[in-house]
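Source: prediction; values computed, not measured. Throughout, a chain's letter reflects where its sequence line sits, starting with A, and its residues are numbered from 1.
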Amino acid sequence: MSGLSNVASMLAHSPYLSAALASAFMLLGLEAWSVRLLCREQGELSVLDALDTTSHVRPGSSDES
Amino acid sequence: MPGYPYERGWHRGDDYRIMFVHVLAASMSMFIYLVMAAYCAVGLVLNARLAAMMAQTLAPTGALFTFIALLSGALWVWDARLTSELILLFLYIGFLSLHAAIEAPRRADRACAVLGLIGAVNIPVIYLSVQWWYTLHQGPSLGFGSGVAMTASMLWGIVVMTFGFWAHAIAITLVRVRIIIRARERATPWEARFEERVA
């Protein structure tokens, strides 16, 4: 717990560092969110849904046929 | 220099920790461009659609890492490394704009591949800029042939952040390339069968 409070105190005393870290991670989060949004727009399934879907495919059926 | 974070002196206390984002974002931006240029070359030479799609996928992530590297690089100065990094950002933006401007995807792929390959010249310039010119930017602390000029605890921080950035870049690239493949191949029979199966 003291480790976390040390980090919080260090960030509170370094506004430039806090701002730079916050903006960098916010941008990365925005990119991930925008890609997720694109996925949803396209009607993509989640990985778990996709795995579940493939279990219903009849054995022997192929995309190449 | 009013407003400059270094105005309290060159010893910046905890602010040095910004390097755990800045250095890695800059190295990711260069590496992603090299991978993108390699895909451009493969796409151009072998006329491979997937390679062109991968190049298109990598460009936004590379541009973002370049922007983060510039943003975390403190105040703007016409330093050799910052300037060459800014040129890299323009190359990424140019790549994306060119792709968006040409309607036919295959023509856009070829035009962007040429731009991507020409822009690869900038990568060694960025990497070697601190050795070629005497600038504000410090010399390499971690690199090929230069050894490791930092303590073990800092090195571990770098390693952890490297894994984090790589995980982000790989995950975003794979998801985005899937979106691009499905968008481009929407008219093909396999995509229609895939949609039927999912429904």
Joint cluster assignment, B:Leu115 & B:Met36, ILVMFWY side-chain distance < 4.5 Å: yes

Region of B:Phe165 in contact with chain A, defined by heavy-atom distances below 4.5 Å: side chain

B:Phe67, CZ: over 12 other non-hydrogen atoms inside 6.0 angstrom: no

Side chain to side chain contact (heavy atoms under 4.5 Å, CB included) assessment of B:Val21 paired with A:Phe25: CA-CA 9 Å; B:Val21 169; A:Phe25 286 112; 4.3 Å; yes

Shortest non-hydrogen contact between A:Cys39 and B:Val175, atoms and distance: SG-CG1, 3.4 Å

Nearest atoms (heavy-atom pairs only) where B:Ile18 meets A:Ala20: CD1-CB, 3.0 Å

ILVMFWY cluster, B:Leu58 and B:Leu174 together (side-chain gap under 4.5 Å): yes

Heavy-atom neighbours of B:Phe20 CZ exceed 12 at 6.0 Å: yes

CZ on A:Arg40 to CD1 on B:Ile179, rounded to 0.5 Å: 12.0 Å

In one Ile/Leu/Val/Met/Phe/Trp/Tyr side-chain cluster, 4.5 Å: B:Ile158, B:Phe31: yes

Heavy-atom pair with the smallest gap, counting every atom of B:Ile172 and A:Ala32: CD1-CA, 3.5 Å

Minimal non-hydrogen separation, B:His168 against A:Leu28, with atom names: CE1-O, 3.3 Å

More than 12 heavy atoms of other groups within 6.0 Å of A:Arg36 CZ: no

